[in-house]
Amino acid sequence: MNLESPKVTLDKSAEETFNFLSDVKNFENLMPENISKFEVLDKDKFLFALKGMPEIILKKKEAIPNSKVVLGAAGGKLDFSLKGNIQEIDTNKTEVQLSFTGQFNAMMAMMVKGPITKFIETLVENMKTSV
């Protein structure tokens, strides 16, 4: 399953945007309002939970300076990744898009598609005010 957020334009340089997304503790600022738990486990790993959902641990798997940050599932039963693509438009203008990739059976994909789509859209929207 592959899902993409809308692209958002930030009034920040690609370097500032990359640095923000590379620091896992900043993801707390991007989380939806219905977050029930957020905990930084180490410099590259954090745990979060949304109300009514199981806890999820994400770990930074890849970071390409000023262009891409990839977070992946760290443990648990589901294998997925969340990629932040950063594209510099101008010196202080950057476009960001999140993409989610996961391996799910058809039943699970039907159940999680809506909530995950809403989740990544919220993360990218919150970047406008948090980055």
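The model shown is predicted, which means the values in this text are computed figures rather than measured ones.
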Please report the interatomic distance [atom1]([X]) to [atom2]([Y]), rounded to the nearest 0.5 Å.
X    : Y    : atom1 : atom2 : answer
E88  : E15  : CD    : CD    : 9.5 Å
Q87  : T17  : CD    : OG1   : 12.0 Å
L71  : F100 : CG    : CZ    : 11.5 Å
L58  : D44  : CG    : CG    : 12.0 Å
L50  : T122 : CG    : OG1   : 9.0 Å
M110 : M1   : CE    : CE    : 12.0 Å

Can you hop from [X] to [Y] via hydrophobic side chains spaced under 4.5 Å?
X    : Y    : value
L98  : F104 : yes
I120 : V70  : no
F80  : L41  : no
I116 : F38  : yes
F119 : L47  : no

- [ ] Spell out, as yes or no, whether a donor-acceptor pair under 3.5 Å connects the side chain of S36 to the backbone of A49.
- [x]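 A pair under 3.5 Å: yes.
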- [ ] Spell out, as yes or no, whether a donor-acceptor pair under 3.5 Å connects the side chain of K60 to the backbone of S22.
- [x] yes
Closest heavy-atom contact between [X] and [Y]?
X    : Y    : answer
K61  : G72  : CG-N, 3.5 Å
V24  : K45  : CG2-N, 3.9 Å
L21  : M127 : CD2-CE, 3.8 Å
N126 : M31  : ND2-O, 3.4 Å

If we only count heavy atoms from C-beta on, is the [X] to [Y] side-chain gap below 4.5 Å?
X    : Y    : value
S5   : L123 : no
N85  : S99  : yes
L10  : F20  : no
V124 : Q97  : no
L3   : K113 : yes
N92  : D11  : no
V131 : E16  : no
T94  : F18  : no

Task: K12, NZ: over 12 other non-hydrogen atoms inside 6.0 angstrom - done: no
TODO: Could you tell me whether K25 and E28 have a side-chain N and a carboxylate O separated by less than 4.0 Å?
DONE: no
TODO: Step through it carefully: locate the ring centre of F48, locate the ring centre of F27, and say whether they are under 6.0 Å apart.
DONE: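 Aromatic pair excluded; centres sit 6.0 Å or further apart.
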Open item on the list: Among residues at least two apart in sequence or on other chains, which ones pass side-chain hydrogen bond (donor to acceptor under 3.5 Å, both in side chains) with K37?
Closed with: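 Result, side-chain hydrogen bond (donor to acceptor under 3.5 Å, both in side chains) vs K37: E55.
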